[in-house]
2 protein chains.
Amino acid sequence: MMPPQPTRPYHHGDLRPALLRAAVEAIGHAGPAATSLREVARRAGVSHAAAAYHFGDKAGLLTAVAVEGYRLLTEELRGARDAGFLEMGVAYVRFAVRHRAHFEVMYRPELYRPDDPQVRQARAVTAVLLYGTASPDAGRLAAGAAAWSLVHGLATLWLNGNLPEGLGADPEEITRLIAPYLSIPEQ
Amino acid sequence: MMPPQPTRPYHHGDLRPALLRAAVEAIGHAGPAATSLREVARRAGVSHAAAAYHFGDKAGLLTAVAVEGYRLLTEELRGARDAGFLEMGVAYVRFAVRHRAHFEVMYRPELYRPDDPQVRQARAVTAVLLYGTASPDAGRLAAGAAAWSLVHGLATLWLNGNLPEGLGADPEEITRLIAPYLSIPEQ
DNA sequence: CAGATTATCTTGCCACTGGTTAGATCACGT
DNA sequence: ACGTGATCTAACCAGTGGCAAGATAATCTG
């Protein structure tokens, strides 16, 4: 009589990370704006209120995604740091493509709480890597901003399909093709 | 007895452009994702179904905003064409800042219909200006993509508040500061 | 181990949204 | 004057985010 379904326990036990995974998955399908809190909760097999309990609201969930994104980006950049300046740019673009959902949330501050302490701190750590030092002088600041702008623009244009096809289909290769146009004075 | 209110006529008479203006205004306040069709209609003083009549749906309205945006960008770029390469970059950033609502819609293709014929055509016209010719060779293509990526990245990073304060507060000035790091072979 | 407390999750509700349909109002040509 | 088509409203639907009340389970305390 009793259907032998393994009656999912009332308490999930590991819901917060499960919701985060579900959110990244859902955002990957429909983009951050079109992703609903309820859809994320459905993917995780819980009610939408459970998600609200863990993250407060939708902005809270996306804030958590953004924090995770900055941490992943930091990892990616750290891994390329010793391979030189160009490879850090390639790593930036690779991150944007491989972790598209995270990337798209990170640079849509109206969707989350960019002033959240965890966000600020994670972003600060990333910035140190991007500028090469915690207290860059005016020159390094401008050079860093130029490099960052280039790869960031390239990544977003590629994600939106705004780059001409003649450049090829592999964003990392396009980065290697484009980046040499930037001349950063050595140190 | 009859209140002397000038009883708004049943037919607006000029609703389509009025809705477009209202949309740009609303997007300027809350961003494109958080702007509702109903809010736009309210601003124009009509029911939301009236907006749906003229634009089909929300994506249709945003498609119209995007088309208008590409036309405005084309104008801005044309105005700076004779002043040199750098000034075109400055014009691009100026457009993004002055017409923030348009810009934010244009580069969020998931919010509208990027394959709409009018969009494709308007974007193609813009691309010709950006690459300097309708059929760029491989070199020009890469150089153009580099320049475009740089100013596009700069504009989006500035709009999101992701540039360090040390660079100043005027995005056009920042452009003049940053752009020289790009070395484009003359012709 | 019993009882109380706390953490986690569900149900049910609200106002709002985008989209659709039927019908009201009006402009315009003949 | 009349009808036809264009324009707009009213009313409805399913889906959404957020909130409050309550159910369930884990954990702490004696």
Side-chain angles (χ1 to χ4, degrees), chain A residues 2 5-27 29-66 105 108-113 116, chain B residues 2 5-27 29-66 105 108-113 116:
Chain A
M2 292 291 275
Q5 49 182 348
T7 40
R8 183 182 52 80
Y10 192 92
H11 285 72
H12 183 287
D14 202 30
L15 187 51
R16 226 193 103 102
L19 283 170
L20 263 179
R21 278 192 303 271
V24 170
E25 215 178 286
I27 294 169
H29 279 77
T35 296
S36 75
L37 204 59
R38 291 173 114 99
E39 167 64 19
V40 171
R42 268 191 296 269
R43 277 177 190 265
V46 295
S47 79
H48 70 286
Y53 171 77
H54 281 282
F55 295 100
D57 56 4
K58 186 178 178 180
L61 173 58
L62 294 183
T63 299
V65 171
V105 171
R108 269 164 186 70
E110 77 275 12
L111 295 181
Y112 63 101
R113 282 186 278 273
D116 177 279
Chain B
M2 292 290 274
Q5 51 180 347
T7 41
R8 183 182 52 81
Y10 192 92
H11 286 73
H12 183 286
D14 203 31
L15 188 52
R16 225 192 104 101
L19 282 170
L20 264 179
R21 278 192 301 272
V24 170
E25 215 177 286
I27 294 169
H29 278 78
T35 297
S36 76
L37 203 59
R38 293 174 111 102
E39 168 62 20
V40 172
R42 267 191 297 268
R43 277 176 190 266
V46 296
S47 77
H48 72 288
Y53 172 77
H54 281 282
F55 295 99
D57 56 5
K58 187 179 178 180
L61 173 60
L62 294 184
T63 299
V65 172
V105 171
R108 268 163 187 69
E110 77 277 12
L111 296 181
Y112 63 102
R113 281 186 278 274
D116 176 279

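Each chain gets a letter, A, B and so on, in the order the sequences are listed, and its residues count up from 1.
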Asker: From C:dT8, D:dG17, C:dG18, pick the nucleotide closest to the side chain of B:K58?
Answerer: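 Nucleotide nearest to B:K58's side chain: C:dG18.
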Asker: May I have the distance from B:L61 (atom CG) to C:dG19 (atom P), rounded to whole angstrom?
Answerer: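 Result: 10 Å.
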Asker: Tell me the interatomic distance from B:L19, atom CG, to D:dT7, atom P, rounded to whole angstroms.
Answerer: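 Computing the B:L19:CG to D:dT7:P distance gives 12 Å.
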Asker: Can you measure A:F55 atom CZ to C:dT8 atom P for me and round it to whole angstrom units?
Answerer: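 Rounded to the whole Å, the gap is 12 Å.
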Asker: Less than 3.5 Å between a donor and an acceptor, one on the side chain of B:R38 and one on the base of C:dG18, is that the case here?
Answerer: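 Yes, a donor-acceptor pair under 3.5 Å.
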Asker: Using the side chain to side chain donor-acceptor pair (under 3.5 Å) criterion, which residues pair with B:D116? Sequence neighbours excluded.
Answerer: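 Testing B:D116 for side chain to side chain donor-acceptor pair (under 3.5 Å), a comparison that skips the adjacent residues, returns none.
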Asker: Examine C:dC9: is either OP1 or OP2 under 4.0 Å from a nitrogen or oxygen in the side chain of A:S47? Give yes or no.
Answerer: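 So the side-chain polar atoms of A:S47 never come under 4.0 Å of the phosphate oxygens OP1 or OP2 of C:dC9.
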Asker: Is any side-chain N or O of A:Y53 closer than 4.0 Å to OP1 or OP2 of C:dC9?
Answerer: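 No, no such contact exists.
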Asker: Using a 4.0 Å heavy-atom cut-off across all strands, classify A:R42 as base, sugar-phosphate, or nothing.
Answerer: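 The residue A:R42 makes sugar-phosphate contact but no base contact.
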Asker: Check side chain to side chain contact (heavy atoms under 4.5 Å, CB included) between B:A33 and all other residues, then give those that pass, not counting sequence neighbours.
Answerer: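 Per chain and number, B:A33 pairs via side chain to side chain contact (heavy atoms under 4.5 Å, CB included) with A:A33, A:L111.
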Asker: Between D:dG17, C:dC9, C:dG18, which nucleotide gets closest to the side-chain atoms of A:L15?
Answerer: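 Nearest listed nucleotide: C:dC9.
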Asker: Between atom NE2 in A:H54 and atom P in C:dT6, what is the gap in whole Å?
Answerer: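 Those two atoms, NE2 and P, are 18 Å apart.
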Asker: Taking only residues two or more places apart in sequence or in another chain, which ones pass salt bridge (charged side-chain N to carboxylate O under 4.0 Å, His left out) with B:R113?
Answerer: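 Salt bridge (charged side-chain N to carboxylate O under 4.0 Å, His left out) check on B:R113 returns B:D57.
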Asker: Taking the minimum atom-to-atom distance to the side chain of B:L37, which one of C:dG18, D:dG18, C:dT10 wins?
Answerer: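 So the side chain of B:L37 is nearest to C:dG18.
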Asker: How many whole angstroms separate atom CG of B:D14 from atom C1' of C:dA27?
Answerer: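 Rounding to the nearest Å, CG of B:D14 and C1' of C:dA27 are 15 Å apart.
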Asker: Using the 3.5 Å cut-off, write out each protein N or O paired with an N or O of nucleotides 20-22 of chain C and the distance between them.
Answerer:
none

Asker: Just wondering, do B:Y112 and B:K58 contact through their side chains at under 4.5 Å, heavy atoms?
Answerer: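 Side-chain contact under 4.5 Å: no.
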Asker: So which nucleotide from C:dT17, C:dT10, D:dC8 ends up closest to the side chain of B:A50?
Answerer: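 Among the listed nucleotides, the one closest to the side chain of B:A50 is D:dC8.
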Asker: Which residue in the set B:L61, B:V24, B:L62 passes side chain to side chain contact (heavy atoms under 4.5 Å, CB included) when paired with B:V105?
Answerer: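 Going through the options one by one, the only one that passes is B:L62.
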Asker: Can you sort out the partners of B:E25 under side chain to side chain donor-acceptor pair (under 3.5 Å), two or more places apart, ordered by chain and number?
Answerer: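 For B:E25, the residues satisfying side chain to side chain donor-acceptor pair (under 3.5 Å) (neighbours in sequence not counted) are B:R43.
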Asker: Taking only residues two or more places apart in sequence or in another chain, which ones pass salt bridge (charged side-chain N to carboxylate O under 4.0 Å, His left out) with B:R42?
Answerer: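 Partners of B:R42 under the salt bridge (charged side-chain N to carboxylate O under 4.0 Å, His left out) test: B:E39.
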